[in-house]
Enquirer: 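The structure that follows is given in the form of structure tokens.
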Amino acid sequence: MNKRAVFHLVSYMTLVIGIAILGCAGVSFYYAEPLNIQLSLVYAGLIAIVCAGVVGIRTRGDINLSRRDGFGVVVFGWLSATLFGSLPYIFSGVISHPVSAMFETMSGFTTTGASVLSDLEAIPRGIHFWRALTHWFGGMGVLVLCVAILPFLGVGGMQIYRAEMPGPSKDRLTPRIATTAKLLWGVYALLTLVEALLLKFVGKMGWFDSLCHAFGTMATGGFSTRSASVGAFDSIAIDTIIIVFMFLAGINFSLHYHALTGKPGRYFRDPEFRFYFIFLACASIFITFNVWADSAASLGRCFRDATFTATSIMTTTGFATADFDQWPNATRLLLVVMMFMGGCAGSTGGGMKIVRVFIMFKKMVRELKLFMRPSAVIQMKLGGKPVEQEIISHISAFFAIFILIFAIGSFIMTFFTPNLETAATSVIATLGNIGPGLNAVGATQNYAAISPLGQGILTIFMLLGRLELYTVLILFLPGFWKK
Amino acid sequence: MRIVIIGAGNAGRQLALRLCEERHSVVMVDADAEALAQAEAGLDILTVCGQGSNPSVLEEAGVDKSDLLIAVTDNDEVNILACLFANSAGVKGKIARVTNPKYIHGSPRYDLLEMGIDLIINQKQECAREVFNMLQMPGALEAFDLFAGKVMVAGFSINAVSPLLDRTPAECDRLDLIQSVRVIAIRRDNELVVPHGNTVFKQNDLVYLVGQRSDITAFFDWVCPDIKPFEKVIIAGGGDLGLMLAKFIENEVECVLLERDEERARFCSAELNKTLVLRADSLTESALEESGLHDRTAFVALTGDDEGNIMNCLMAQKKGAAFTATQITRTDFVPVVEQLYLVNRVVSPYISTTNAILHYLRSKKVRAASLLHNLPGELLDVIIAASSRADGKCIHEIKMPSTAIIATVMRNGEVMTATGDLQLEANDRVLVFCHPGAVKKIQSIFL
């Protein structure tokens, strides 16, 4: 690994983080919050900028990234962002334990939305804004942003893009990767803006809440400014807007780009989108009736909460309007299955990604057919195009590793949590970047009760999930560090 | 600019590299997924797998949105067809590599240019001409004419007995000769050195000069006095390239062509007039013996087999050939062969293709651009525009990028030496050597 070049790029990323924290100090200043809150944000921002500057200047030189270096940049970049991003929480005293602060920051950047904070109404707005901003940066990826704005990356940009963007195959919108990154961030920023405006003017939210929720939705994050999450607003308009934008955030962003450039037909031609849409619709209807049969609430109310929850969980956002932990077991199990599936490839959602599940399902059918007719030749196709053998074996390995990590993680978490349900769902909720799980980490609960060591372990799961396992795991191969 | 390149071979990859360096958007199309993956690993490009002559593949590559299509597959028909489709899709520039000379028919009725292809490149012919120029100038490893023959560019390497060895230009005894030409670039250990007043010449440096033909010839007589004109040229391999070279050279000097295949040898013999065609395996001692190899012979290996070519040159050197050159198609071999000084000169056919395409790409005011063999730089031929930054300034007043150097100036058909206090005027033709990254900067200075 070319350590100099890797840390040079990491310093750029840290610089972006530092500037963003200073921006939050501006928000804090605007709302005339206590001086110590403003100063804690200023200090945190300045420390990040100074460190970035020193490292950046000391590691100057050519940037020639190999594939391996791309992985290094992404993992170390994320670790550095989490380290410096946790400073505002620590300095302001909002979260006292450093590991808990790292948990909160990593949960932000990985768009998980799992929190250790219980009384959100008591938290200063500057800190809230930083919390929401970590989501927004992490959703499309800070490094993808760097690829878009740093002109000198060239081929190196592609290595980084490949390591940070989710999904088994990375489609390019344009020949140059920097332009592709710019377009994706452009679409992302545009959708966020539209949502914020809708929340403000149709949903009658304040500017502050509308921005924070827009950041949280488009990144499929899930940090809210209220302890009761989106449920605190209790507005049909707000629920509807957030459902629609969560749904959009779970779609492959290159489809949005095609739609915005006049090809909306691409949505339904994409098999992953069709599967996503149909599965989500069926799940919402099932949950509606399952919950309705079990409670005294009206069918309309049940439909609203069921659709919101199903979308929130499937896109791995983690906003809540109802305590789904109180719902029937069939629904709860279905929600856990949806946690595993996650959003589409190339979206900001987490989980295993629908295209992987879809391809694995097709492979299963193919294997069954082969059992019956051993000499049959069956080429797997997706959307009419053959799927390369390499991608299929890549996905099989991904499945195996994902399940293995889930199993080992659940085992470890049994030591930190009161019961099996909590242990297992805390792992899938962090590994899939969802946020809320079931039982003691359910929709109305949080992660504060888990000890710092347990939180530290979950922090690693969040990073593993966001960077889709391989990027992080490759660092543990001894060969990675050798020339 | 959005550019579609059809063909992920040597020429395609080299072009993509150059074009990416200049920040163009490049899409590469090839039917071979493996070759594409290889190209994509090192380049910031979009790749589309499929036959380049297939309209749906072209559609997928976004030809309709592109400004230029370059077809450089091995297959002439695919190249031509791709360009014709691109023409009907409204692409502004279409460039095709066409190897078979039969397609380039004299009559306007069958003219490919009339059919909408803007530039036809005959790679083999360009390459044969390059080798021919080199052989015409003993001692030179590269030589070509510019400005309609008024100016010549030549490259030679510094050997152990060179009068320039370990000296700066000012320390040489023949100052008059060294001042009549201009040193524009030095290749040292595969690195580009832009020379200045106190650059010391080292052994094995490859030095590039620009000057008038007579001056360059006089300079060469001084620098390499021991090298006399070749009396014989032996060509191994009677493929398209070897045959073409033999056609060029047979009128100038005695030429022997070695071809293993009987039928092909017969065909070559029918095409050629003065050349002695031998049906023999050039990799045998007896064949070299029979061809009459002696110490004033140049040996050029142009078969399709890289390893065989290299070996053949070594055998010829052992026999006493004064000069050896080999064609190498696998680009990975080139740096090794050059660094070990196994042969005098490596011939890479795709360079001339890249060269010709870069010529075409420069704006109209930049008249020509040439690549030097395996050196990251190019020669730009610019006409100074009135009211440009260079108009009316002395050369030393112009702030040139550090990787660029003015080689020569031509005014009213006269070649002027580019000294520091020469005042430039509008409509002067200036030849500038520069690093690819500095091309835009140069254009902004002179245009």
Side-chain angles (χ1 to χ4, degrees), chain A residues 2 62-71 144 146-163 165 168-184 254 257-258 261-263 266 269 379 381-392 394, chain B residues 1-6 8 12-13 15-34 36-50 54 56-70 91 191-192 376 403 435-437 440-441:
Chain A
N2 180 352
D62 283 349
I63 296 200
N64 238 334
L65 292 185
S66 67
R67 211 185 146 94
R68 244 197 276 178
D69 299 333
F71 293 117
V144 173
C146 288
V147 170
I149 55 185
L150 297 180
F152 50 81
L153 275 171
V155 181
M158 196 179 62
Q159 316 290 13
I160 294 173
Y161 180 84
R162 189 181 284 155
M165 273 308 261
S169 60
K170 329 278 169 179
D171 30 337
R172 281 163 174 244
L173 298 172
T174 58
R176 291 186 58 215
I177 204 72
T179 328
T180 303
K182 260 184 214 131
L183 290 174
L184 289 177
S254 46
Y257 170 75
H258 289 306
T261 50
K263 281 174 274 183
R266 286 284 190 106
R269 257 187 285 153
Q379 170 67 51
K381 285 187 197 165
L382 192 66
K385 282 190 179 161
V387 183
E388 282 167 51
Q389 197 54 44
E390 213 172 303
I391 291 190
I392 298 172
H394 187 91
Chain B
M1 209 162 31
R2 197 175 196 279
I3 300 170
V4 177
I5 299 178
I6 313 237
R13 289 222 283 265
L15 263 172
L17 181 74
R18 286 283 165 140
L19 297 173
C20 281
E21 270 171 10
E22 291 176 32
R23 307 196 158 271
H24 292 294
S25 295
V26 178
V27 185
M28 192 178 264
V29 180
D30 200 293
D32 180 0
E34 212 168 302
L36 275 184
Q38 242 177 46
E40 199 185 10
L43 295 166
D44 188 11
I45 53 170
L46 180 76
T47 57
V48 177
C49 190
N54 178 345
S56 62
V57 171
L58 291 174
E59 182 72 20
E60 199 187 332
V63 162
D64 50 324
K65 289 176 282 186
S66 304
D67 308 290
L68 180 66
L69 180 126
I70 304 170
V91 179
E191 299 263 344
L192 169 66
T403 50
H435 202 266
K440 283 243 165 73
K441 192 89 192 275

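So you know, we letter chains A, B, ... as the sequences are listed, proteins then strands, and number each from 1.
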Enquirer: Should we count NZ of A/K381 as having more than 12 external heavy atoms under 6.0 Å?
Expert: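 12 or below, so no.
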Enquirer: State, to 0.1 Å, how close A/R176 and B/H24 come at their nearest heavy-atom pair, and which atoms those are.
Expert: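 Heavy atoms of A/R176 and B/H24 come nearest at CD-O, 3.5 Å.
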Enquirer: With sequence neighbours excluded, what pairs up with A/T180 under the side chain to side chain contact (heavy atoms under 4.5 Å, CB included) test?
Expert: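 Side chain to side chain contact (heavy atoms under 4.5 Å, CB included) check on A/T180 returns A/Y161, A/R172, A/L173, A/T174, A/L184.
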Enquirer: Which heavy atom of A/Q159 sits nearest a heavy atom of B/A41, and at what distance?
Expert: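 Answer, listing the atom of A/Q159 first, then B/A41: NE2-O, 4.0 Å.
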Enquirer: Counting heavy atoms not belonging to A/Q379, are there more than 12 under 6.0 Å from its CD?
Expert: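 Yes, CD of A/Q379 has more than 12 neighbouring heavy atoms, counting only those of other groups under 6.0 Å.
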Enquirer: Could you pull out the closest heavy-atom pair between A/M158 and B/E40, with the gap in Å?
Expert: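 Where A/M158 meets B/E40 most closely, the heavy atoms are CE-O, 3.3 Å.
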Enquirer: Mind listing the closest non-hydrogen atom pair of A/P175 and B/V27 along with its distance?
Expert: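 Nearest pair, atom of A/P175 first, then B/V27: CG-CG2, 3.5 Å.
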Enquirer: Partners of B/D64 by salt bridge (charged side-chain N to carboxylate O under 4.0 Å, His left out), sequence neighbours excluded?
Expert: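 Once residues adjacent in sequence are excluded, B/D64 has no partner under the salt bridge (charged side-chain N to carboxylate O under 4.0 Å, His left out) criterion.
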